[in-house]
Chemist: 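Got a structure for you, questions after.
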Amino acid sequence: MPELPEVETIGRALHLQLVGARILQVEVRQPRLRRLVDIEALVAGCVDRRIEAVRRRGKYLVVELNRQRCLVLHLGMTGSFRIEPAGAPTLPHDHVVWELDDGRCWIFHDPRRFGCVVPASLSLDDTGRRGPLPELGPEPLSDGFTVEDFHRRLSRRQAPIKNVLLDQRVVAGIGNIYAGEALFMAGINPRRRAARIGRDSCRRLHRALREVLTEAIACGGTTISDYRSVDGLRGRFAVHLQVYGKPGENCPRCGAVAKIRVLPMAGRSTFYCPRCQH
DNA sequence: CTCATGACCTGACGGC
DNA sequence: TGCCGTCAGGTCATGA
């Protein structure tokens, strides 16, 4: 579910809520997430440590703990966090519960169990990666994401641009919704081979990605059904979506001239306007 | 290396 | 009402 704006929203909320708290204990109710939770390592990595920061990298969250440890978290499709008073009743699919020293507990909830909770040592390698994060491309909202570098990366790929945008090694944090929205904004057909995106189109796509992600973060993300931030609030970007989830509707740019179409690409639904996107 | 496909899970929804 | 197929915001392993 969550893409960069949703993970950013959740990460900011967790940072505000958790920094300064000390973890008294951690309970793993269901270790069988996408990667099996190593309970021993999680307990050793968490208990009696203070939470110092929560940061985002791509769609991952890194919770920094004192004494050089961290937690690497991913929300998969349906992961969420909430914070409750200690002893509050838990729900089905509450898989990990951290008890804090201030009378609250922090809960990881994930019905589909595509998320992960991985304890790691807090160390930077020479590429700036933390712990067991996979190889990730540049942060699209950072200065390190330049048109030149983006164009170079695209020029090596023969796959459709839509699929390449979903490759986290090319640029980090883009998922199905924002890939489709950015391609619409940039007027690029999702089936276009990435290597055949010219300099001008690449510049438009670069700008579109930054614009859509920035606006979505300002809205607290996009809620289609499940997604909620830590406080339980919905993201408000859904009303700004131009094409995602709107097959058969009039294109918002060319009006009634063309209808939005949907086609499967790499197993995911892709929405686009056949008239406006080339 | 690149690329496409299916697997991993649960729940919601529509058709019959 | 209930059963079945399909679909869902993500990643990862596998084989061509």
Side-chain angles (χ1 to χ4, degrees), chain A residues 1-11 29-37 56-61 72-81 91-96 108-118 132-137 140 152-183 190-196 209 212-213 216-217 219-229 234-248 262-271:
Chain A
M1 154 221 9
E3 306 182 32
L4 186 152
E6 291 76 33
V7 180
E8 176 70 22
T9 300
I10 289 170
R29 306 162 63 92
Q30 169 58 276
R32 303 190 58 171
L33 307 183
R34 183 124 207 327
R35 293 166 65 177
L36 188 71
V37 177
R56 180 191 59 74
R57 175 77 174 96
K59 298 175 197 171
Y60 291 83
L61 290 173
V72 174
L73 308 172
H74 196 287
L75 299 166
M77 295 276 262
T78 52
S80 64
F81 293 105
L91 301 172
H93 312 299
D94 283 350
H95 303 315
V96 182
F108 176 63
H109 174 90
D110 184 11
R112 287 177 74 181
R113 289 193 265 137
F114 287 174
C116 58
V117 175
V118 178
L133 291 178
E135 182 190 343
L136 295 171
R152 212 172 302 125
R153 289 167 184 266
L154 297 187
S155 70
R156 299 189 210 113
R157 305 289 296 265
Q158 300 307 312
I161 181 62
K162 162 72 186 315
N163 298 3
V164 173
L165 286 177
L166 296 182
D167 185 338
Q168 302 298 297
R169 297 168 302 179
V170 172
V171 52
I174 310 300
N176 203 37
I177 293 180
Y178 300 109
E181 293 295 307
L183 287 168
R191 284 195 283 202
R192 220 28 196 279
R193 309 270 125 191
R196 302 191 54 199
L209 284 168
V212 72
L213 294 172
I217 289 171
C219 288
T222 301
T223 296
I224 302 296
S225 58
D226 297 332
Y227 163 73
R228 296 290 187 284
S229 184
R234 303 166 62 91
R236 302 178 312 280
F237 192 72
V239 296
H240 299 287
L241 295 174
Q242 306 280 294
V243 291
Y244 181 84
K246 301 177 185 295
V262 58
L263 84 156
M265 294 184 67
R268 342 268 317 261
S269 294
T270 302
F271 305 89

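Within every chain, numbering begins at 1; the chains are lettered A, B, ... in the order of the sequence lines, protein sequences first and strands thereafter. Note that the coordinates shown come from a computational prediction; the quantities given were computed from them, not determined experimentally.
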Chemist: Identify each atom pair where a protein N or O and an N or O of nucleotides 10-13 of chain C are less than 3.5 Å apart, giving names and distance.
Modeler:
unit_1  : atom_1 : unit_2  : atom_2 : d
dG10(C) : OP1    : K59(A)  : NZ     : 2.7
dG10(C) : OP2    : N176(A) : N      : 3.2
dG10(C) : OP2    : R268(A) : NH1    : 3.1
dG10(C) : OP2    : R268(A) : NH2    : 2.4
dG10(C) : N2     : R34(A)  : NE     : 3.1
dT11(C) : OP1    : H74(A)  : NE2    : 3.1
dT11(C) : OP2    : K59(A)  : NZ     : 2.8
dT11(C) : O2     : R34(A)  : NH2    : 2.9
dC12(C) : O4'    : R34(A)  : NH2    : 3.2

Chemist: Could a donor-acceptor pair under 3.5 angstrom be found where the side chain of T222(A) meets the base of dG9(C)?
Modeler: no

Chemist: Keeping E181(A) on the side-chain end and V212(A) on the backbone end, is there a donor-acceptor pair under 3.5 Å?
Modeler: no

Chemist: Do any N or O atoms of the protein come closer than 3.5 Å to N or O atoms of nucleotides 1-3 of chain B, and which pairs are they?
Modeler:
unit_1 : atom_1 : unit_2  : atom_2 : d
dC3(B) : OP1    : Q158(A) : N      : 2.3
dC3(B) : OP1    : A159(A) : N      : 2.8
dC3(B) : OP2    : R157(A) : NE     : 2.4
dC3(B) : OP2    : R157(A) : NH2    : 3.2

Chemist: Does H93(A) have a side-chain nitrogen or oxygen under 4.0 Å from the phosphate oxygens OP1 or OP2 of dC9(B)?
Modeler: no

Chemist: State, yes or no, whether a side-chain contact exists between F237(A) and P5(A) at a heavy-atom distance under 4.5 Å.
Modeler: no

Chemist: Could E135(A) and R169(A) be called an ion pair, given the rule that one side-chain N must be under 4.0 Å from one carboxylate O?
Modeler: no

Chemist: N/O contacts under 3.5 Å, protein versus nucleotides 3-7 of chain C?
Modeler:
none

Chemist: For the P atoms, the ones on dC9(B) and on dC3(C), what distance do you get once it is rounded to whole angstrom?
Modeler: 24 Å

Chemist: Give me the ring orientation class for H109(A) and H93(A): parallel if the planes are under 30° apart, tilted from 30 to 60°, perpendicular past 60°.
Modeler: perpendicular

Chemist: Looking at Y178(A), does any N or O in its side chain come under 4.0 Å of the phosphate oxygens OP1/OP2 on dG9(C)?
Modeler: no

Chemist: As a check on the pairing definition, encode DNA chain C in dot-bracket form, counting Watson-Crick and G-U wobble pairs whose two distances are under 3.5 Å, and using | for partners outside this strand.
Modeler: .|||||||.|||||||

Chemist: Compare all side-chain heavy atoms of R228(A) with those of T223(A) and state whether any distance is below 4.5 angstrom.
Modeler: yes

Chemist: Is it true that E6(A) and Y178(A) share a donor-acceptor pair across their side chains at a distance under 3.5 Å?
Modeler: yes

Chemist: Test of understanding: with side chain to side chain donor-acceptor pair (under 3.5 Å), list the residues that count as partners of K162(A), not counting sequence neighbours.
Modeler: N176(A), T270(A)

Chemist: Quick one: list whatever passes salt bridge (Lys or Arg N to Asp or Glu O under 4.0 Å) with R153(A), sequence neighbours left out.
Modeler: D149(A)

Chemist: Using modelled atom types and a 3.5 Å cut-off, is there a donor and acceptor pairing between side-chain atoms of T9(A) and backbone atoms of S229(A)?
Modeler: no

